[in-house]
Amino acid sequence: MSSNPAELRPATADRAALVVSEVRPNLPRTLIALDFDGTLAPIVSRPADARLIDGADQVLRLLVARGASVAIITGRDAETVLDLSGLADLPGLAVAGLYGAQVWRGGRLATTPPPPELTRARSALPELVRAVSSELWIEDKGLSLVVHARGVDEPDAAIDALRPSVEKLAQSLSSEGGLEVHAGRQVLELRLAGFDKGRALREFVDAFGDASDRQLLYAGDDVGDLPAFAVVQQLREAGRRAWAVGVGSTEVTWMPADDSRVDAVVDGPAGLLSLLRGLLGG
Ligand SMILES: [Mg+2]
C-alpha cells in the first residue's frame, strides 16, 4: 500500500472501469447487491436523515429495466431502509435487514423472533453506556441494539471504552452465544449471533440461481461488509462470476484505495453511483 493517494488514483479508476467492463455485457443476468448507509446513502449525523444519493433512484430503476436484479443488505431494519430509500416499488427488490435476520421481498417481511436475552440486554445496556459518556445514544432496532458515537468527542475512543463491558454483558446473557458484539463506523452493535452480510448474500445468490451465466456485484463500505466480500471471493474460487466493490472515503480508514479484498474501491456513494451508471453503458 502506498501512502500517496495520488499514486493510487489511476490504478483505482482502472480497477473500477474493469469491473464495469466485465459486468456490463451480461447485465440482465446480474444480481446487484448493495449495502445502504455509506454505500447508496451518504453518512449523516442522524441515521433517520439518511437518503439515497441524488440520482441513485433513477439509476437503480434503469438497471432493473435493463434486466438486472437489485438487493439491499443492511444492518438496519429492512422497513426503515425501504422508507428511507423510497425503493419499495422497485420491481424484484429484495432487502435483507439486520444483517439477514429479516428478509423483505415483494412486500412481505420474514423476521427471526427475538430471543429473551435481547430483552435483558435492552434493560442492562443504558447503564453501561452512561458509564462511558452521556453523549452516546442507543438505537433500538428490535432485533439489535446499536450504540452511536457519531458527534461525540473522540468517538472511536468512546466505542473502545464501551466495548469490554458490552462484550461481558453479551457473554453473561447468552452462555450459548446468542448475542454478538460488533463495531462499525462510530457504532457498537449488540445483535443476534449467526447473522452477517455474508450469509445474507449467500441466501440471495442461492435464490437468484446458480446457472453459470448468472453473476454478482456487491458493494459496501463498512467492516460489516467484509463477510460479503469474502463470499464474493469464495464464489469466484468456485468458478462463478462475482465482483466486490469497496466504497471508500476519508472516514473509511480500514479500506485502502488498493484494498485486495475488493476488485475496486470507489470514492463514496457518488463513486459507486458513477460505477452503476457505467453499467448502463455511458
Ligand atoms: Mg454501510
Side-chain angles (χ1 to χ4, degrees), residues 32-54 56-57 59-60 70-87 93-104 139 141 143-151 155-156 159 180-191 195-201 204 216-232 243-257 259 261-276:
I32 302 172
L34 305 165
D35 166 49
F36 182 69
D37 293 284
T39 297
L40 274 175
I43 295 287
V44 288
S45 348
R46 284 187 352 122
D49 293 337
R51 296 291 180 272
L52 289 182
I53 188 166
D54 279 351
D57 181 279
V59 167
L60 292 175
V70 173
I72 296 175
I73 300 181
T74 174
R76 294 225 218 190
D77 179 87
E79 286 178 313
T80 301
V81 163
L82 287 162
D83 283 349
L84 296 176
S85 68
L87 290 172
L93 177 71
V95 179
L98 305 174
Y99 299 92
Q102 306 173 313
V103 174
W104 180 96
E139 181 186 8
K141 296 185 180 179
L143 285 173
S144 71
L145 301 165
V146 187
V147 181
H148 289 264
R150 191 164 290 276
D156 295 336
I159 293 294
E180 286 176 349
V181 179
H182 294 270
R185 282 175 80 168
Q186 303 188 8
V187 296
L188 191 69
E189 189 154 7
L190 193 55
R191 66 184 203 228
F195 293 97
D196 65 40
K197 290 191 177 185
R199 176 176 159 179
L201 180 59
F204 281 165
L216 167 70
L217 175 67
Y218 182 83
D221 74 305
D222 206 346
V223 288
D225 296 295
L226 287 172
F229 295 157
V231 163
V232 168
W243 296 267
V245 172
V247 182
S249 74
T250 51
E251 192 181 291
V252 182
T253 50
W254 60 273
M255 182 161 52
D259 197 313
R261 292 168 292 192
V262 292
D263 296 292
V265 177
V266 295
D267 188 9
L272 177 70
L273 183 60
S274 102
L275 185 149
L276 294 175

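Throughout, residue positions are numbered sequentially from 1 according to the sequence presented. Counting starts at 1 for both ligands and their atoms, in listed order. Here the structure is a predicted model, which is why all the values come from computation and not from measurement.
At a cut-off of 2.8 Å, D37 is counted among the residues with an N, O or S atom near the Mg ion (ligand 1).
Between K141 and D77 there is no salt bridge, since none of the side-chain N atoms of the basic residue sits less than 4.0 Å from a carboxylate O of the acidic one. Salt-bridge annotation for R185 and D221: present, with a side-chain N of the basic residue lying under 4.0 Å from a carboxylate O of the acidic one.
Under the 6.0 Å distance and 45° angle rule, R76 does not count as a cation-pi partner of F36.
For D221, the N/O/S atom at the shortest distance from the Mg ion (ligand 1) is named OD1. Its N, O or S atom nearest to the Mg ion (ligand 1) is what matters here, and for D35 that atom is OD2.
Put simply, the side chain of L145 does not reach to within 4.5 Å of the side chain of E139, judged on heavy atoms.
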